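Because the structure is predicted, anything quoted here is derived from the model rather than measured. In what follows, every chain begins at residue 1, and chains take the letters A, B, ... in the order their sequences are listed.
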Amino acid sequence: MEKKVILIKDTGFKSDTTRDIQSLFLKAIRDIGAEESIQIVRAADLGIYNQGVVVKILPDNTVYTHINSDNIDQIVKAVHKGEVLENLLLKDRVEQTRIVLRNCGVIDPENIEEYFSKGGYTSIAKCLFDLTPAKVIKEMKKSGLRGRGGAGFPTWMKWSFAANSFGDEKYVICNADEGDPGAYMDRSVLEGDPHSVIEGMTIAGYAIGAKHGYFYIRAEYPLAIERVENALKQAYERGLLGKNILGSDFSFDLEIRLGAGAFVCGEETALIASIEGKRGTPNPRPPYPTDSGLWKKPSIINNVETLANISAIFQKGGDWFSSIGTEKSKGTKVFAVTGKVKNSGLVEIAMGTSIKDIVYNIGGGVLNEKQLVAVQTGGPSGGVIPKKHLDTPVSYEHLQELGSIMGSGGMIVMDEDDCMVDISKFYLKFCVDESCGKCAPCRIGGYQMLSILNKISEGEGELEDMDKLHRISQAMQKASLCALGQTAPNPVISTLRYFEDEYKQHIIDKKCRAGKCSKLIQYTINPDKCKRCRLCVTNCPVSAITGDREHGYTIDQEKCIRCGRCFEVCKFEAIARV
Amino acid sequence: MEKTTQQKAMRKFTKICDIVNQYNRDKSKLIPILQKVQDEYRYLPEEVLTFVATTLNIPPATVYGVATFYAHFTLSPRGKYVIRICDGTACHVKGSNKLLETLREKLNLKDKNTTTSDMLFTLETVSCLGACGLAPVLVINDVVHGQVTREKAIKLIDEIIEKENKNAG
Ligand SMILES: Cc1cc2nc3c(=O)[nH]c(=O)nc-3n(C[C@H](O)[C@H](O)[C@H](O)COP(=O)(O)O)c2cc1C
Ligand code: SF4
Ligand code: FES
């Protein structure tokens, strides 16, 4: 008989309960004489939280929650007999809905056969042989799919603009420049299911009448590039790309271009300039790319996740897709949940799921049992959602109401150790660094705002600075040439809206609650708690801590660079941060 | 006379010629060409930029403009080991700037210098590497290290230095 393993973990992190439960398990196993066939292992972490003591049975992967002394005998017997106890099974309170990630981690991305086995490339066949391009667009309209790259523009509309544009040379571009710092949904899709994106692009090409398409992929993603190259090769070999696809009249070629490290190239007109071999600076719109895009020909640019939805839509129908989600936001959204969350990772949920469910039920809550302060979405173009609005359902319209955006899918959980002035400074600095400098509102406005934020974080701020920030923000929003400049102030506006008090603390009290703004904090040694272990002395990089075992130690504030090293290493909490 | 210097240049830059020819001397492929050239030289020396401009028959200013616009292109030589610390949001909230401080200090990099004087290390920041689940993340010559603490970062550097010393001695 196959040997079974029972992994035990108390999800409230109390190792002593785990130990007690372990001995009860051992006893139960001995009672039925199953020592040879069942092994007990204490697990470090099972990725499940707030469900009491949890056990996982291997190799079956059954998970039971809320284990106590009353049900241990029952479990051991069931494991021994190979039965399942339905009433103790882990109930997923919030289900992920996997459309975009349907094949990720399920199929071998390097093997086209496995994609076929999931119905891959049946959608393109259906489009080519059963549907006219106009009908393809009609089905897309039914689905209600909106762009997942940030702005949420209806995909069918973009396609129909390009389809109606004059000319027989048109282009389809897949935007895989994934610039939002703190997000990796697109990378995962390209690495895990590259054929779904290729199929989506081919369907788009058929719908608008393009013969040629480009993948624009960040060079930082070597594995994604390799997987796409491999998938393209296989698709060509099978006649799914190239001349007369599947014997139809439709021909379509795809090639790869690599980004060279410029965030602004995620913007449509800049991306086009970059493919053309130029500096990636945006151009005024109109003309829109659907009229005059790559090489001045009608072009559509779609995000990776948008494209990965397409073949699923044609497999199951536009009506099926639009049955998922909210009134104005259909389907699912993939988020990269990171930051101070227990289970960081990719999450795909139906639109309308609340942020709270994502963070607590799927993400397992905040790390180290700290207090959640805010959740950030939309990256440098987005905003923060404070704790009181966590019940908000995820949808384009709801997030916008709160002054954030859906964005491409970054979701950063922030706790009491994160300073909102620091966060807004971080995002703004990102935009200032990445601004192409072509237009003045973004180039100068961004710089001005950043200097004001720097001033505030150094304790030199004045109350009227908050007003100034608002005024410059408005100018940037109205007058910048591209969305980078237009949205760069968003993180500042949104933190000012919800965390005005925190700004005031920095300005009036010269205090940083989170201890992030180094100019506003001081480290001191509490002589009562200090055990004179000298750990801080040896760890201080600038030798600012002096003294001896007899008289105790002090930190020379002149020398101290406020790196917090001593604070981190002290085992006795003798270092105070004020 | 004119011709011989050009011939000399051609000989010196045969590799570049190959690369440019691989792309059919197509101006629109300037970025992939520069990416390939940089793979070869590890940076883009000025004379190489001029040479690429000549072969593609475009003004050197255009090539220079492109080379300076994109963050991946570097016009000065870089160290043998390029350390890139992720400064994406996930890494930022998990303390990436402390890593940066620690390593700048460890490598004794002052002011705006990013490369050590012995040309062994170059220290840069990079925006999100798409490994946010492992934050904070740093990359040394394309090898990704996740959940890096200050101790771990220092250890990584020490290991390289030790290896280099061994090779030298
Ligand atoms: C500065 C800037 C950066 C952007 N970066 C990306 C990106 O990395 N990926 C992406 O898909 N869209 C990005 N976008 C949005 C694209 O310009 C475009 O709206 C999107 O690719 C359209 O595809 P969709 O309709 O499928 O969403 C960016 C926009 C701006 C202004
Ligand atoms: S808004 Fe900023 S990034 Fe966009 S064109 Fe103007 S300067 Fe360039
Ligand atoms: S933020 Fe560092 S890997 Fe994404």
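When the heavy atoms of residues 125-134 of chain B are compared with those of chain A, the residues falling under 4.5 Å are B:Val126, B:Ser127, B:Cys128, B:Leu129, B:Gly130, B:Ala131, B:Cys132, B:Gly133, listed by number. Residues of residues 68-83 of chain B that come closer than 4.5 Å to chain A, counting heavy atoms only, are B:Thr68, B:Phe69, B:Tyr70, B:Ala71, B:His72, B:Phe73, ordered by residue number. The interface of residues 370-377 of chain A with chain B, defined by heavy-atom distances below 4.5 Å, is empty. Residues of residues 91-110 of chain B that come within less than 4.5 angstrom of chain A, heavy atom to heavy atom, are B:His92, B:Val93, B:Lys94, B:Lys98, B:Glu101, B:Glu105 in numerical order.
Heavy atoms closer than 4.5 Å to chain B are found in both the backbone and the side chain of A:Arg279. Contacts between A:Leu223 and chain B at a heavy-atom distance below 4.5 Å are absent for every atom of the residue. Heavy atoms of A:Arg257 lying under 4.5 Å from chain B belong exclusively to its side chain. Heavy atoms closer than 4.5 Å to chain B are found in the backbone of A:Ala183, but not in its side chain. Heavy atoms closer than 4.5 Å to chain B are found nowhere in A:Ser188, neither backbone nor side chain. Contact of A:Val264 with chain B is made through the side chain alone, with heavy-atom distances under 4.5 Å. In this structure, chain A has a heavy atom under 4.5 Å from the side chain of B:Glu151, while its backbone stays farther away. For A:Leu258, the parts lying under 4.5 angstrom from a heavy atom of chain B are both the backbone and the side chain. The part of A:Ile275 that comes within reach of chain B is its backbone (N, CA, C, O), which places non-hydrogen atoms under 4.5 angstrom from that chain.
Residues B:Thr89 and A:Tyr427 approach most closely at CG2-OH, 2.9 Å, considering heavy atoms. A pairwise comparison of heavy atoms in B:Gln35 and A:Ala260 identifies NE2-CB, 3.8 Å as the closest pair. The nearest pair of heavy atoms linking B:Ala90 to A:Thr338 is CB-OG1, 3.6 Å.
For the set A:Val413, A:Asp418, A:Asp433, the count of heavy-atom pairs under 4.5 angstrom toward chain B peaks at A:Asp418.
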- request: Check the pair A:Phe430, B:Asp87 against side chain to side chain contact (heavy atoms under 4.5 Å, CB included), reporting the backbone distance first and the verdict last.
  value: CA-CA 9 Å; A:Phe430 178 82; B:Asp87 194 23; over 6 Å; no
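By the neighbour-count criterion of 12 heavy atoms within 6.0 Å, atom CG of B:Asp39 is densely surrounded, having more than that number from other residues, nucleotides or ligands.
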